[in-house]
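Proteins get letters first, then strands, A, B, ... in listed order; numbering begins at 1 in each.
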Amino acid sequence: MLTGKPMTKTTELEALVWQCVSAIPEGQIATYGQIAHLAGMPQQARLVGRILSRLPPDTRLPWHRVVNSRGEVSNPNLLLQCGRLKEDGISVDRNRVSLRLYQWQP
DNA sequence: TGTTTGACGGACA
DNA sequence: CTGTCCGCCAAAC
């Protein structure tokens, strides 16, 4: 880690979240709560959302594969995320995807 | 220092 | 299906 920032608890969790998100296969999706759970912090889906909101715009992390528990795109930039999901071969209808069809089962 | 805000979630009406 | 309520918590005010 050469961030210069102190290794606080949240930055450690941040790295864990990044790792979980990067593991989501193309063509599949995960929920914020699911990532929170995988990262060992169940019940803190909100924190996952905040961590993703801080990602640099040029990141390679497939953050677009993360949606809320109802399969809705929560990202303020709906067009970008929906577009990327479609590139992954996922059908998006009214800012929504089918969790039943695409949710990742680790 | 107290309050509000969010890329959330689950229970319930 | 829609909407309300509450738990969660770091960051921004």
Side-chain angles (χ1 to χ4, degrees):
Chain A
M1 273 307 158
L2 304 169
T3 62
K5 290 187 285 188
M7 247 327 234
T8 64
K9 196 163 194 174
T10 47
T11 54
E12 288 178 35
L13 292 173
E14 199 171 52
L16 215 48
V17 166
W18 292 341
Q19 186 182 327
C20 293
V21 173
S22 67
I24 305 172
E26 183 177 335
Q28 297 188 51
I29 58 181
T31 67
Y32 295 94
Q34 190 179 354
I35 297 299
H37 209 287
L38 289 173
M41 47 179 182
Q43 234 161 14
Q44 295 201 185
R46 221 159 188 155
L47 188 50
V48 173
R50 196 171 42 250
I51 290 172
L52 295 189
S53 75
R54 283 152 104 163
L55 290 172
D58 60 331
T59 181
R60 263 193 314 98
L61 211 68
W63 53 266
H64 58 280
R65 296 177 188 151
V66 185
V67 297
N68 70 26
S69 65
R70 293 180 255 171
E72 302 166 335
V73 171
S74 305
N75 182 338
N77 194 338
L78 298 174
L79 300 134
L80 177 58
Q81 182 164 8
C82 290
R84 289 201 177 179
L85 286 171
K86 288 171 186 169
E87 287 175 33
D88 272 17
I90 293 171
S91 67
V92 185
D93 177 60
R94 277 172 276 177
N95 303 326
R96 282 238 249 32
V97 299
S98 167
L99 289 178
R100 208 189 38 157
L101 293 178
Y102 306 113
Q103 184 164 32
W104 177 38
Q105 309 330 15

If you check every side-chain atom of A:P76, which of C:dG7, C:dA10, B:dA7 has the closest atom? B:dA7
Give, for atom CH2 of A:W104 and atom CD of A:Q34, the distance between the pair rounded to the nearest 0.5 Å. 7.0 Å
Options B:dG9, C:dC1, C:dC9, nucleotide nearest the side-chain atoms of A:R96: C:dC1
Quick one: label A:S53 by what it contacts on the DNA or RNA (base, sugar-phosphate, nothing), any heavy atom closer than 4.0 Å. base
Find the distance A:D93:CG to C:dC1:C1' and express it as a whole number of Å. 14 Å
Would you compute the distance between atom CZ of A:R84 and atom CD1 of A:I90 and round it to the nearest 0.5 angstrom? 13.0 Å
C:dC6 to B:dA7 separation - P atoms, rounded to the nearest Å: 22 Å
Rounded to the nearest Å, what distance is computed from the CD1 atom of residue A:I51 to the C1' atom of nucleotide C:dC9? 11 Å
Calculate the interatomic distance between A:W63 atom CH2 and B:dA7 atom C1'; express it in whole Å. 9 Å
For A:V73, the option from A:R94, A:Q81, A:R96 that meets side-chain contact (heavy atoms from CB on, under 4.5 Å): A:Q81
For the P atoms, the ones on B:dT1 and on C:dC8, what distance do you get once it is rounded to whole angstrom? 23 Å
Can you identify which nucleotide, out of B:dG9, B:dA7, C:dC9, has its nearest atom closest to the A:S74 side chain? B:dA7
Counting side-chain heavy atoms from C-beta on, which of B:dG9, C:dC9, C:dA11 comes nearest to A:A45? B:dG9
Within the pair A:Q44 and C:dC9, is there a side-chain N or O less than 4.0 Å away from OP1 or OP2? yes
Is A:R84 touching bases, backbone alone, or none of the nucleic acid, heavy atoms closer than 4.0 Å? nothing
Closest to the side chain of A:R54, out of C:dA11, B:dA7, B:dG9, is C:dA11
Between P on B:dG10 and NE2 on A:H37, what's the gap in Å once rounded to a whole number? 10 Å
Could you state the CD-P distance from A:Q43 to C:dG7, rounded to the nearest angstrom? 11 Å
Between the main-chain N or O of A:A39 and the side-chain N or O of A:Q19, is there a donor-acceptor pair closer than 3.5 Å? no
Between CG of A:N75 and P of B:dA7 the distance, given in whole Å, is 8 Å
